[in-house]
Amino acid sequence: MAKCNGNFPEDVMIEVLSRLSVKSLLRFKSVCSEWCSLFENPSFISKHLRNDNDDRLFITYMVTDDEDDYSYPTDSFCLFPDGTLTDTSSVDLDFQQPMREFLGGPFDGIFCIHGPANDRLILCNLATKESRTLPKRRVVFPRFCSISDTIMGFGMDIMSNDYKLVMIHTLWNEKRQELCEFAHVATYNLRTNSWRDFKSFKSDHYVMSFWSGSLYLDGVCYWLSRFRNNDQAVILSFHLGNDVFEEVQEPHIPESEPTILGIYNHSLCVLLSHNIENYYDIWVMKDKCWIKQLSIGPFVGVQRPLGFWKKGAFFVVSTSGQLLLYDPNTQEMRDLGVTCFDVSVHIYKESLIRLKGGDNLLDFDIPWHVLGVYQTNSC
């Protein structure tokens, strides 16, 4: 495959290339056809994502018009270009004009938005400046039923070596004023550009929140959920290869509850919050067993945790609305200079995932130089 390598063994050349930035790889596509094909290979794209250590912080938050007491809050988006967060300067990203609604992401560098017309979903890759408008779904919900809530996930199906978007809809029966019996699942396959719809678990079984976010690891999407009958927390997983849901029981510790999911040393982890005095535990799953990694706290003036960062560090929001980063290795709490409400944090990774077949993102008002984007012609 990677034959433009001089005297280097092919596996060494692939390893070197997989550690380069998206900007460099897009430029190197013109070196030879073998490299062009390699950079579109799902296995190489996945390897590049695993080797990319330049994670960056992406946040969404709500803003209001200070001069208009009756204005509705609007979504705003912000990227921190420095992956070390040594420099905490940030750049606002304006998605407002070309979309009706921000739906989710970034999932491996991919964002999902609601298009401005025809009720269409759009996938966007900021690093490659590509987008794809997804085909409309031809699905008929049960009579009197409509979508009440939706959660999403995205990742590689390691069985088919392709990427999938998954949407889980909770349906509401307007006539009976109750939840429909089953939740509805739709999966979109990137390679075939097609949807598959099916019924899943009973709607009255889980409470699933859009704001809890989605986590992807090794072919499986995870969401933090709760049982409706007793409000006990549970982790719900979805295997992208066989479309099967499973429950992952969280560590059951009295007087505590899970608050966020994350990845710690390439393993699923959960942050447990103790109900008194703002103590936290980080638990990591090893060989299907939970192991307590460390305990931290107490913290003063912390409202709630938001999400994991790198090496066990995690973000919290203070009681005054400040975005803070706590590093358990140094026991340092840093102020990132952002004060807002309804903030959520995400890890942005540049990705080579191709979205051929859609409109280009040139009309989006985004400072592309911040992302290190390099334009190139496709193969």
Legend entry - Contact summary for Pro81 and Ser89, nearest pair of heavy atoms: CD-O, 3.5 Å
Legend entry - Any side-chain heavy-atom pair of Val248 and Leu236 under 4.5 Å: no
Inset, instruction - For Gln331, look at atom CD and say whether over 12 heavy atoms of other residues, nucleotides or ligands are found less than 6.0 Å away. - result: no
Inset, instruction - Using atom types as modelled and distance alone, determine if a side-chain donor or acceptor of Asn230 lies under 3.5 Å from a backbone N or O of Gln232. - result: yes
Inset, instruction - Can you label the angle between the Phe299 ring and the Tyr326 ring as parallel, tilted or perpendicular, going by 30° and 60°? - result: perpendicular
Legend entry - Trace of the disulfide bond (SG atoms under 2.5 Å apart) decision for Cys145 with Cys180: CA-CA 7 Å; Cys145 289; Cys180 295; 2.2 Å; yes
Inset, instruction - Report whether Ile347 and Tyr264 are members of the same hydrophobic cluster (ILVMFWY, side-chain heavy atoms less than 4.5 Å apart, transitive linking). - result: no
Inset, instruction - Using the six-membered ring wherever Trp is involved, compare the ring planes of Trp195 and Tyr188 and label them parallel, tilted or perpendicular (cut-offs 30° and 60°). - result: tilted
Inset, instruction - Find the distance between CD1 (Ile113) and CD1 (Ile122) and round it off to the nearest 0.5 Å. - result: 4.5 Å
Inset, instruction - Decide yes or no for Phe44 and Ser18: does some side-chain heavy atom of the first lie under 4.5 Å from some side-chain heavy atom of the second? - result: yes
Legend entry - Donor-acceptor contact present, side-chain Ser30 to main-chain Arg27, <3.5 Å: yes
Legend entry - Glu247, CD: over 12 other non-hydrogen atoms inside 6.0 angstrom: yes
Legend entry - Any Arg191 side-chain heavy atom under 4.5 Å of Asn161 side chain: yes
Legend entry - ILVMFWY network linking Leu85 to Tyr61, side-chain heavy atoms under 4.5 angstrom: yes
Inset, instruction - Anything under 30° is parallel, anything over 60° is perpendicular, the rest tilted; go ahead and classify Phe308 against Phe314. - result: perpendicular
Inset, instruction - Verify salt bridge (Lys or Arg N to Asp or Glu O under 4.0 Å) between Asp197 and Arg137, making sure each step is shown before the conclusion. - result: CA-CA 9 Å; Asp197 291 84; Arg137 293 160 50 199; 3.0 Å; yes
Legend entry - Check: Thr259 and Leu306 side chains under 4.5 Å, non-hydrogen atoms: no
Inset, instruction - Dump the intermediate steps for side chain to side chain donor-acceptor pair (under 3.5 Å) on Ser46 and Ser43, then the final yes or no. - result: CA-CA 5 Å; Ser46 180; Ser43 296; over 6 Å; no
Legend entry - Lys29 side chain to Ser37 backbone, donor-acceptor under 3.5 Å: no
Inset, instruction - For Pro305 and Tyr280, work out which heavy atoms get closest and say how close. - result: CD-OH, 3.6 Å
Inset, instruction - Tell me, with the steps shown, if Arg143 and Asn173 meet side chain to side chain contact (heavy atoms under 4.5 Å, CB included). - result: CA-CA 8 Å; Arg143 194 178 181 189; Asn173 189 307; over 6 Å; no
Inset, instruction - Nearest 0.5 Å please: distance from the CG atom of Asp52 over to the CG atom of Leu352. - result: 9.5 Å
Inset, instruction - Indicate whether the side chain of Asn125 and that of Glu130 have a donor and an acceptor atom separated by less than 3.5 Å. - result: no
Legend entry - Any donor-acceptor N/O pair, Lys310 side chain to Gly83 backbone, under 3.5 Å: yes
Inset, instruction - Would you mind reporting whether Trp223 and Leu261 have side-chain heavy atoms less than 4.5 Å apart? - result: no
Legend entry - Val343 reachable from Leu324 in the ILVMFWY side-chain graph, under 4.5 Å edges: no
Inset, instruction - Could you grab the distance from atom CD1 of Ile260 to atom CG of Leu272, nearest 0.5 Å is fine? - result: 10.5 Å
Inset, instruction - Could you tell me whether the side chains of Asp82 and Thr84 share a donor-acceptor contact shorter than 3.5 Å? - result: yes
Inset, instruction - Take Ser267 and Lys286 through the test side chain to side chain contact (heavy atoms under 4.5 Å, CB included) and record every step on the way to the result. - result: CA-CA 7 Å; Ser267 296; Lys286 295 288 187 181; 3.1 Å; yes
Inset, instruction - Kindly compute the distance separating CZ (Arg334) from CG (Leu323), expressed to the nearest 0.5 Å. - result: 10.5 Å
Inset, instruction - Ignoring hydrogens and angles, state whether a donor on the side chain of Asp157 or His239 is under 3.5 Å from an acceptor on the partner side chain. - result: no
Inset, instruction - Can you measure from CD1 (Ile14) to NE2 (His48) and round to the nearest 0.5 angstrom? - result: 13.5 Å
Inset, instruction - Determine, using the 4.5 Å side-chain heavy-atom cutoff (strictly less than), whether Leu355 and Leu121 are members of one ILVMFWY cluster. - result: yes
Inset, instruction - Give the intermediate values and the outcome of side chain to side chain contact (heavy atoms under 4.5 Å, CB included) for residues Leu126 and Tyr348. - result: CA-CA 10 Å; Leu126 302 189; Tyr348 173 75; 3.6 Å; yes
Inset, instruction - Starting from the C-alpha separation in whole Å, work towards a yes-or-no answer on side chain to side chain donor-acceptor pair (under 3.5 Å) for Asp281 and Ser295. - result: CA-CA 4 Å; Asp281 296 329; Ser295 297; 2.6 Å; yes
Legend entry - Glu15 vs Lys47, salt bridge (Lys or Arg N to Asp or Glu O under 4.0 Å): CA-CA, chis, key distance, verdict: CA-CA 9 Å; Glu15 184 66 30; Lys47 183 180 183 67; 2.8 Å; yes
Legend entry - Val220 vs Tyr222 side-chain heavy atoms within contact, under 4.5 Å: yes
Legend entry - Pair Phe111 and Phe58, ring centroids less than 6.0 Å apart: yes
Inset, instruction - Kindly say whether Met167 contributes a backbone atom to a donor-acceptor pair with the side chain of His184 at under 3.5 angstrom? - result: no
Inset, instruction - Report yes if some heavy atom in the side chain of Cys78 is under 4.5 Å from a heavy atom in the side chain of Phe80; otherwise report no. - result: yes
Inset, instruction - Check step by step if side chain to side chain contact (heavy atoms under 4.5 Å, CB included) holds for Leu240 and Cys221. - result: CA-CA 7 Å; Leu240 294 172; Cys221 290; 4.1 Å; yes
Inset, instruction - Would you mind checking if Arg196 and Asp243 are paired as a salt bridge, meaning a charged N to carboxylate O distance below 4.0 Å? - result: yes
Inset, instruction - Check whether the side chains of His274 and Ser256 place a donor and an acceptor atom closer than 3.5 Å, and report yes or no. - result: no
Inset, instruction - Could you tell me whether the side chain of Lys199 and the main chain of Ala183 form a donor-acceptor pair under 3.5 Å? - result: no
Inset, instruction - Flag yes if Leu179 and Ile151 sit in one hydrophobic cluster, no otherwise; membership is Ile, Leu, Val, Met, Phe, Trp, Tyr, and two members link when side-chain heavy atoms are under 4.5 Å apart. - result: no
Inset, instruction - Taking the six-membered ring for Trp and the single ring otherwise, decide whether the centroids of Phe107 and Tyr216 are under 6.0 Å apart. - result: no
Inset, instruction - State, with a plain yes or no, whether a side-chain heavy atom of Ser344 is found less than 4.5 Å away from one of Phe315. - result: no
